[in-house]
Amino acid sequence: MIARDQDQETALCITQLHHSRMTGAIGLYWGNEFIPKPPCFELTQFAAAIHDIGWTEWEKHPRIDDSTGHPVDFLQMDTSEHISIWDSARTNSLGYGAAVALLIYRHNLTLASTDTKPEKAKFLDQAKKHEVELRLLAEKSWKYQDKLTDKLLNRMNTTILLWDYISLRLCMGPDAKNPFGPPPVFEGIQFEMEPSQKNPETFVLDPWPFKTDEFIWDVEAYTHKRGEEFRVEPSNLMNLRTKLVGKG
């Protein structure tokens with residue numbers, strides 16, 4: 001859950017599943033004469049679109065953060081909650097194919113590796129075995145022209161990380177502090193992403209990676225009143241128009 005304060009009593013809550021779909025949409029429009037599409041594009045784009053599938057059960061009844069009165073933001077999750085979600089992602093995504101599950105699991109392991117908590121270290125030790133198992137399954141069912149190598153996997157996973165980064169910052173909004181640093185380097189290209197000084201809910205992305213002049217996404221956000229149970233209801237839903245534009 002991505003929780004954005006609206007005023008003293010309400011917050012806008014964006015599900016990780018919606019953010020995940022948005023990540024896939026960014027990939028769907030990716031690529032122009034200057035910025036290449038990633039290798040195994042269909043596989044990479046689909047994995048990006050469902051990379052947060054592990055949140056499916058958690059977001060039905062998200063935990064309310066005692067300090068805010070709103071659903072706990074993904075950046076404030078307990079370690080045990082993250083681990084449970086990542087394990088769910090592995091099992092829930094396997095039905096879409098071993099290669100999809102492998103990319104999603106590797107994406108989550110990359111996120112986990114940035115944390116040094118003892119619980120995460122234990123999880124990572126166990127996760128290595130699961131990754132090997134998924135790799136063997138993916139190799140057995142691999143049907144793409146490019147050979148499944150560590151280099152290829154790293155390229156695909158870096159792509160997902162970049163699209164995930166762009167989507168998260170759009171969902172979090174231009175007023176939020178950037179906790180991630182610069183975008184991941186894609187195919188040797190370093191992108192810059194900064195809030196627009198001219199337009200609300202808009203970020204400037206450079207270099208420009210799309211064929212269209214702008215990327216527009218209507219984020220589905222649920223209004224949540226402090227201290228109440230989170231409910232997915234039409235009366236709580238609003239659309240928040242977000243944009244990516246090029247520099248200049």
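What you are looking at is a predicted structure, and each value in this text was computed from that prediction instead of being measured.
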For [X] versus [Y], what's the shortest heavy-atom pair and its separation?
X    : Y    : result
T159 : F186 : OG1-CE1, 3.3 Å
N157 : H107 : ND2-N, 3.6 Å
G24  : Q45  : O-NE2, 2.9 Å
K37  : G31  : CG-CA, 4.3 Å
D146 : W142 : O-NE1, 2.7 Å

So, do [X] and [Y] sit near enough that their side-chain heavy atoms are less than 4.5 Å apart?
X    : Y    : result
L240 : D218 : no
W86  : L111 : yes
E229 : H61  : yes
E187 : P38  : no
I85  : Q16  : no
L43  : K143 : no

Would a distance-only check, ignoring hydrogens and angles, find a side-chain to backbone donor-acceptor pair under 3.5 Å from [X] to [Y]?
X    : Y    : result
R90  : A101 : no
T23  : R21  : no
H224 : C13  : no
T212 : F215 : no
Q190 : P183 : yes
Y144 : F41  : no
D65  : D73  : no
T158 : R155 : no

Handout entry: D164-S167 side chain donor-acceptor pair, cut-off 3.5 Å
Key =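 No, no side-chain donor-acceptor pair sits under 3.5 Å.
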Problem - Set of side-chain contact (heavy atoms from CB on, under 4.5 Å) partners for T242, sequence neighbours left out - result: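 For T242, the residues satisfying side-chain contact (heavy atoms from CB on, under 4.5 Å) (neighbours in sequence not counted) are M22, L170, E201, W217, V219.
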Problem - Output field: ring centroids W30/F191 closer than 6.0 Å - result: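 Distance test on ring centres: under 6.0 Å, yes.
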Handout entry: salt_bridge(K128, E131) N-O dist < 4.0 Å
Key =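 Result for this pair is no, no salt bridge flagged.
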Problem - Transitive ILVMFWY cluster of V204, excluding itself - 4.5 Å side-chain cut-off - result: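 V204 shares its hydrophobic cluster with V245.
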Exercise for the section: Describe, in one word, how the ring planes of Y105 and H130 are oriented to each other, choosing from parallel (under 30°), tilted (30 to 60°) and perpendicular (over 60°). Expected result: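 Perpendicular, since the angle between the ring planes exceeds 60°.
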